[in-house]
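Please read the structure below before turning to the comments.
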Amino acid sequence: MMKIAVLPGDGIGPEIVTQALRVLAVLKNEGMEMTFTEAPLGGQAYDQYGHPYPEFTQKVCREADAVLLGAVGGPQYDNLDRPLRPERGLLGIRKDLGLFANLRPANLYPELANASTLKPEVVAGLDIMIVRELTGDVYFGQPRGMRVNDEGEREGFNTMVYKESEVRRIAHVAFDIAMKRGKKLCSVDKANVLETTEFWKEIVIDVAKEYPEVELSHMYVDNAAMQLIRNPKQFDVMVTGNIFGDILSDEASMLTGSIGMLASASLNETKKGLYEPSHGSAPDIAGKNLANPIATILSVAMMMRYSFDHEAVATRIENAIKKVLAAGYRTSDIFEEGTKKVSCSEMGDQIVAAM
Ligand code: NAD
């Protein structure tokens, strides 16, 4: 039995999650055993419970095997005290569930190659997975702060630190994913300058001994940033720490030019995951049935692959999306002359039919 927590969230969240649930309903009707429990997160939760990650939602998420999230946030919440803002709900759930591995695919369907700012031949067919460590690095290292130094000058300081266990567990996630894909892994570091990442590299090389089939390479982060623009198709899986991953995963996602198409997953040690589109709550188009539900539906495919080990089901969902794109259906964000413009729910209809 797959226990799935469903958090529609704010803005376009409920619209896109509705379409993703229709895809899951197809699987359930065919006999896959799953339960859905809905709970509020973000602004929606603040409105109902006065907190962006209320106890009810915590309970539902802790008891679930996987969590499907729409998006959180909206201008009406921008003036709330920081701890009550919708994004705090996201931080709360990540911490609560121990989600340390962030998986951000950047893939570009050949039909959408014109949406990228790069030349179509550079990006068409792009299929990269960036694995970013999410709970360590300079973002969390202690000590940190601002102070007056011994010379009497003000300064800011942070600590870049990774424990061996933290590097090992993210390396394992990345190698496991590489095994499910093209068996190529590039570990990104700055080992020429930063001891923390020299250490990172050493541990990754050690973990590699357990994965003889995976071809491991190493790249400095500045070069990786260049190579992602110059020749992104050279990469299969990339693994890196929190701060480099933050920057590189955003860079990689923009290679595709279609924010409505990009899924993401954050996993913990038991493979429980939070699955959500990479985009936000798009308040400008919320409630208009205009949003592209594909990123959310691709997140469901990731859920099947990474939390439930149903590779064939994941591929089936991805193939249904490919088929619908090949047939020319587009929501307005990816619309081009000569294609057929559809609403959010009509895109859902097409994908369900293609399943
Ligand atoms: P956004 O991703 O919501 O929107 C950026 C632009 O992309 C908008 O023009 C929007 O209409 C468009 N867009 C986004 N998703 C789309 C989709 N599925 N289909 C069609 N068009 C889509 O980013 P933003 O405008 O910077 O932020 C809006 C709100 O979302 C803010 O409150 C922000 O804090 C929040 N946010 C939440 C998350 C999250 O929940 N993980 C991530 C980023 C931003």
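Keep in mind that what you see is a predicted model, and the values were worked out from it rather than measured. Whatever order the structure lists ligands and atoms in, that order sets their numbers, starting from 1. In this chain, numbering begins with 1 at the start of the sequence shown.
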Any protein heavy atom nearer than 4.0 Å to [atom]:
atom: atom 6 (C) of ligand 1; answer: no
atom: atom 24 (P) of ligand 1; answer: no
atom: atom 34 (O) of ligand 1; answer: yes
atom: atom 27 (O) of ligand 1; answer: no

Could you verify whether a donor N or O on one side chain and an acceptor N or O on the other, from [X] and [Y], lie under 3.5 Å apart?
X: Asn223; Y: Gln227; result: yes
X: Tyr220; Y: Asn192; result: no
X: Asp47; Y: Tyr77; result: yes

Task: Distance-minimising heavy-atom pair for Leu255 and Ile229 - done: CD2-CD1, 4.0 Å
- [ ] Take the angle between the ring planes of Tyr211 and Phe175 and call it parallel below 30°, perpendicular above 60°, tilted in between.
- [x] parallel
Does ligand 1 have a heavy atom under 4.0 Å from the side chain of [X], from its backbone, from both, or from neither?
X: Asp333; result: side chain
X: Ile12; result: side chain
X: Pro86; result: neither

I'd like to know if [X] pairs up with [Y] as an ion pair, taking the criterion as any Lys NZ or Arg NE/NH1/NH2 lying under 4.0 Å from an Asp or Glu carboxylate oxygen.
X: Asp246; Y: Arg132; result: yes
X: Arg330; Y: Glu336; result: no
X: Glu346; Y: Lys340; result: no
X: Glu155; Y: Arg147; result: yes

Give the atom numbers and elements of ligand 1 that come within less than 4.0 Å of a heavy atom of [X].
X: Gly280; value: 1 (P), 2 (O), 3 (O), 30 (O), 36 (N), 37 (C), 38 (C), 42 (C), 43 (C), 44 (C)
X: Ala291; value: 19 (N)
X: Ala282; value: 3 (O), 10 (C), 11 (O), 13 (N), 14 (C)
X: Glu276; value: 41 (N)
X: Glu87; value: 34 (O)
X: Leu90; value: 39 (C), 40 (O), 41 (N)
X: Ala71; value: 40 (O)

Open item on the list: For the OG1 atom of Thr339 and the CD atom of Glu111, what is their distance to the nearest 0.5 Å?
Closed with: 11.0 Å
Open item on the list: Are Asp137 and Trp200 packed together at the side-chain level, in the sense that at least one heavy-atom pair is separated by less than 4.5 angstrom?
Closed with: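 The answer is no, as the side chains (C-beta and beyond) never meet within the 4.5 Å cut-off.
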Task: Any Ile259 side-chain heavy atom under 4.5 Å of Ser253 side chain - done: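 The answer is no, as the side chains (C-beta and beyond) never meet within the 4.5 Å cut-off.
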Who's closest to [atom] heavy-atom-wise, of [options]?
atom: atom 12 (C) of ligand 1; options: Asp78, Ile259, Ile16, Leu274; value: Ile259
atom: atom 29 (C) of ligand 1; options: Ala286, Ser281, Gly73; value: Ser281
atom: atom 22 (C) of ligand 1; options: Thr331, Asn292, Ile285; value: Ile285

Open item on the list: Yes or no: does Gly74 have any heavy atom under 4.0 Å from an atom of ligand 1?
Closed with: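 So Gly74 counts as touching ligand 1.
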Open item on the list: For atom 40 (O) of ligand 1, what's the nearest protein heavy-atom neighbour? Residue, atom name and distance, please.
Closed with: Val72 N, 2.9 Å
TODO: Starting from atom 8 (C) of ligand 1, locate the nearest protein heavy atom and write down its residue, its atom name and how far away it is, to 0.1 Å.
DONE: Asp284 OD2, 3.5 Å
